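See structure below.
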Number of protein chains: 2
Amino acid sequence: MKSQNNGETSPRRARGRPRGWEDKTAQNTIKSLDRAMEVFEFLSEAQGKALTVISAEMGQSPATVYRVLVTLEGRGLVEFDPVEQVWHIGPQAFVIGARFLRRTSLVDCARPLLRKLMEETGETANLGIEKEGSVLFLSQVETYANIRAFFPPGTLSPMHASGIGKALLAEMDEARLTRTLQGKPFEAFTEFTITDLAALRDNLAEIRRAGFAIDGEEKNLGMRCIAAPVFDVNGEAVAGISVSGPTSRVGRDDIARLSGSVMEAAQALSLAIGGHATRRRT
Amino acid sequence: MKSQNNGETSPRRARGRPRGWEDKTAQNTIKSLDRAMEVFEFLSEAQGKALTVISAEMGQSPATVYRVLVTLEGRGLVEFDPVEQVWHIGPQAFVIGARFLRRTSLVDCARPLLRKLMEETGETANLGIEKEGSVLFLSQVETYANIRAFFPPGTLSPMHASGIGKALLAEMDEARLTRTLQGKPFEAFTEFTITDLAALRDNLAEIRRAGFAIDGEEKNLGMRCIAAPVFDVNGEAVAGISVSGPTSRVGRDDIARLSGSVMEAAQALSLAIGGHATRRRT
DNA sequence: TTTACGTTTTTCATATTGTGAAAATGCTCT
DNA sequence: AGAGCATTTTCACAATATGAAAAACGTAAA
């Protein structure tokens, strides 16, 4: 498990991180900062709550929570609504968060491809990545149709009930798969949701064979979704592209037609970010 | 300027904030948290920097910055790139930031209108609000054309050189105008940028008369933009809608045609969010 | 391979400063 | 007017954040 130091191009090597650097960082976190960020995240999940409610639900002193909120308010990360007397996430949080997308060229590369995909298929096209065992939707181009499937960017969705999620899971090796899935019970959203590991494994094998994943009303009734993985330079699946729409337009008969476009877009994105068009052959 | 307490429906009144509540919050901010957030914001502006660089540029101890970053990393707000050995904004920041949009229904209400506006005009349609003396772009629907004006959501832009910015400035009263503009020198981006207050005032008067604002290559050469204000329930301008495109397609002759659509969309949004279709008559 | 250098972590002693309980303040509703 | 409730502030204490310096570590040069 020693560092292998044999990266092919090795643009400039790491310097200074100790030997086993998996996740041993726990003793030099700042406690008060971590507690403050807990408040920040809590507020983002449950917006529009009053101070008392927040402090009660978090089991913290109102005074402390108050000071955290006031401090964050000073930077616009949080906002106070003086009419409703409740706290919200502030605009500065949006500004900073949006800069995450700037980091990787993934979104920039993807947008023209998403648009093309949407125009070809007529359905909303989505881009997502994996984030801590969930699918994080980064960008989308909406269909012209009035009935739409809509995942606002920033939305998190469980892997096991999402097209992009399953497309990513299907490309993971055994260790990563176990790690990603651990501690995540398979919540059943509809009668079609895959709720046990054996069935999921079967489905993943099928996905690998086909090259694309189908979410057939597994998250929302009446909605179907076709997804394909995007590979980076190392041949690892780092993102997924999908189209999603109502079953009326995305029927079983449409799968053959749509999946081709989706896989094509995913391959184009893989190439655009300097990756392999297909999975790594081990 | 005292609180008027005569809101029409007054769903539930505020309780507990002391008398003069302008901005007297300064003594109960948490210093260490504020310093940590400074690091966070600094990183968002200058991504991909190494620890040493960050601490040097911020004039802080490397040890402190390190602990802040490790703490934020533990929550995914920040990420460490072990290859390049630099720090970035993390996905969790995007997740939290995106929830800012959920707070107000502004974006939800606007999207269908932006789409319609884009289809009518053929140009990219944008939605923006004012945030601390700058325009914050919240959402957009892109044109089909290959040459595009593009402000990614989350972008900040100066008020004086932006269509939406000027549309909002034009609706401010004297006090608010002064407050918004103070401490912001009029940076010149092109030869057409308005750089002095007198000229800006003239332009704002013209905008009020016309009902829409034009940014004629004032920020980017070759790009023109037509914007109109959106009013809330109190008749205050809280947002702006615009279309933007290259001067080749958005020429002087197109202004009459486009401005109608823009104003129409802005009025529709005003109504959709429960506001007045036009400015408050004082 | 060994040495030198630059960067990142950790250690450690110190006092800064974050903390919660409780009191004070301010608002709304009866 | 006054009770009741939620938000701020005060205050005394010790938890803990801090920076300097040392240690750990990887890279590049000798």
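None of the values given here were measured: they were computed from a predicted structure. A note on names: the letters A, B, ... follow the listed sequences, proteins ahead of strands, and every chain is numbered from 1.
- Residue S61(A) is classed as a base contact, given a heavy-atom separation below 4.0 Å to a base.
- Q85(A) has its CD atom 12 Å from the P atom of dC29(C), to the nearest Å.
- Between S32(B) and dG18(C) there is a side-chain polar atom (N or O) within less than 4.0 angstrom of OP1 or OP2.
- What separates CG of D34(A) from C1' of dA15(D) is a distance of 16 Å, to the nearest Å.
- Proximity of a side-chain donor or acceptor of T71(A) to a complementary backbone N or O of T29(B) within less than 3.5 Å is not detected.
- Note: CG (L33(A)) to C1' (dT16(C)) measures 17 Å, nearest angstrom.
- Rounded to an integer number of Å, the gap from L72(B) CG to dA17(D) P is 13 Å.
- Considering only the side chain of R67(B), dT18(D) comes nearest among dT18(D), dT16(D), dA21(C).
- In this view, E174(A) and R201(A) satisfy the side-chain hydrogen bond (donor to acceptor under 3.5 Å, both in side chains) rule, not counting sequence neighbours.
- Distance check, rounded to the nearest 0.5 Å: CZ of F40(B) to CG of L33(B) gives 11.5 Å.
- Considering only the side chain of N28(B), dT9(D) comes nearest among dA20(D), dG18(C), dT9(D).
- Under the rule for a salt bridge (Lys or Arg N to Asp or Glu O under 4.0 Å), R179(A) has no partner lying at least two apart in sequence or in another chain.
- The residue among A63(A) and V65(B) whose nearest nucleotide of DNA chain D is located toward the 5' end is A63(A).
- For dT9(D), the OP1/OP2 oxygens have a side-chain nitrogen or oxygen of Y66(A) closer than 4.0 Å.
- Partners of Q60(A) by side-chain hydrogen bond (donor to acceptor under 3.5 Å, both in side chains), not counting sequence neighbours: none found.
- With hydrogens and angles ignored, no donor-acceptor pair closer than 3.5 Å exists between the side chain of R35(A) and the base of dG18(C).
- Residues forming a salt bridge (Lys or Arg N to Asp or Glu O under 4.0 Å) with K166(B) (at least two apart in sequence, or on another chain): E218(B).
- Residue-to-nucleotide proximity on DNA chain D shows that, of P62(A) and T64(B), the 5′-proximal contact is made by P62(A).
- Look at CG on D81(B): it is 16 Å from C1' on dT7(C), rounded to the nearest Å.
- Atom P of nucleotide dT9(D) and atom CG of L69(A) are separated by 14 Å, given to the nearest angstrom.
- Remark: A50(B), L51(B) in residues 39-51 of chain B come within less than 4.0 Å of DNA chain C through at least one heavy atom.
- When the nucleotides dG18(C), dA17(D), dT10(D) are ranked by their closest atom to the side chain of I30(A), dA17(D) comes out on top.
- Not counting sequence neighbours, the partners of K49(B) by the salt bridge (Lys or Arg N to Asp or Glu O under 4.0 Å) test are E57(B).
- Atoms CD (Q60(B)) and C1' (dA17(D)) sit 12 Å apart, rounded to a whole Å.
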